[in-house]
Amino acid sequence: QVQLVESGGGLVQVGGSLRLSCAATGSIINFIRMGWYRQAPGKQRDLVALITRSGSFYYADSVKGRFTISRDNANNTVYLQMNSLKPEDTAVYYCTGGNTLFPNPGADAWGQGTQVTVSS
């Protein structure tokens with residue numbers, strides 16, 4: 001079965017930057033859509049950004065202008081460049097992949113998550 005493995009999380013100061021990556025392992029696959037969700041302690045999991053194989057994208061209002069999603073189709077890898085980080089960005093970030101343009105959380109593949117902590 002396909003596995004999604006996130007990396008790049010860590011501790012960063014307010015205003016700093018991090019770059020997350022997510023690679024599909026364990027099979028040969030190229031998702032039509034890949035993206036990122038995040039879940040803060042005590043909160044529900046929220047969509048952060050999506051990107052399709054053809055390059056279209058979506059961003060949550062809370063991260064527009066600060067985060068950039070990109071992908072390497074050849075390696076089935078997706079990235080999330082996070083700039084101007086705020087304490088509110090602190091969360092576990094999860095990578096997803098699916099073969100529909102519209103997100104389908106129940107059917108999509110999910111990674112294990114990587115922690116991002118933004119300190120004042």
Would you indicate whether the side-chain heavy atoms of [Y] and [X] approach each other to under 4.5 Å?
X: Asp89; Y: Arg66; answer: yes
X: Leu20; Y: Tyr79; answer: no
X: Thr52; Y: Leu101; answer: yes
X: Ile69; Y: Tyr59; answer: yes
X: Ser120; Y: Pro87; answer: yes
X: Leu18; Y: Val116; answer: yes
X: Leu50; Y: Pro103; answer: yes

Consider only side-chain N and O atoms of [X] and [Y], and report whether a donor and an acceptor are under 3.5 Å apart.
X: Asn30; Y: Arg71; value: yes
X: Asn83; Y: Ser17; value: yes
X: Thr90; Y: Thr117; value: no

Requested in this report: Apply side chain to side chain contact (heavy atoms under 4.5 Å, CB included) to the pair Met82 and Thr68, showing each step before the final yes or no.
Outcome: CA-CA 7 Å; Met82 305 184 294; Thr68 302; over 6 Å; no
Checklist entry - Hey, any chance Tyr58 and Met34 share a hydrophobic cluster, counting ILVMFWY side chains that come within less than 4.5 Å of each other, even indirectly? => result no
| task | Tell me whether Val63 is reachable from Leu85 by hopping between hydrophobic residues (I, L, V, M, F, W, Y) whose side-chain heavy atoms are closer than 4.5 Å. | result | yes
In this structure, OG1 of Thr96 is separated from CG of Leu47 (nearest 0.5 Å) by 7.5 Å
The reported gap from CG in Asp46 to OG in Ser62 (rounded to nearest 0.5 angstrom) is 7.5 Å
Measure across [X] and [Y] and return the closest heavy-atom pair with its distance rounded to 0.1 Å.
X: Arg33; Y: Phe102; answer: NH2-O, 3.4 Å
X: Val2; Y: Ala24; answer: CG1-CB, 4.2 Å
X: Thr77; Y: Ala23; answer: OG1-CB, 3.8 Å
X: Ala91; Y: Gln115; answer: O-OE1, 3.3 Å
X: Thr25; Y: Val5; answer: OG1-CG2, 3.9 Å
X: Val78; Y: Cys95; answer: CG1-SG, 3.7 Å

Does Arg38 count as lying over the ring of Tyr94, i.e. NZ or CZ under 6.0 Å from the six-ring centre, within 45 degrees of the axis? no
So, [X] side chain and [Y] main chain: donor-acceptor pair closer than 3.5 Å or not?
X: Glu6; Y: Gln112; value: yes
X: Trp110; Y: Pro105; value: yes
X: Asn76; Y: Phe31; value: yes
X: Tyr93; Y: Leu80; value: no

Taking 4.0 angstrom as the limit, do Lys64 and Asp61 come out as a salt bridge?
-> yes
What's the verdict on side chain to side chain contact (heavy atoms under 4.5 Å, CB included) for Ser119 and Val14, showing C-alpha distance, side-chain angles and the deciding distance?
-> CA-CA 6 Å; Ser119 63; Val14 170; over 6 Å; no
Can you confirm whether or not the ring centre of Phe67 sits under 6.0 Å from the ring centre of Trp36?
no
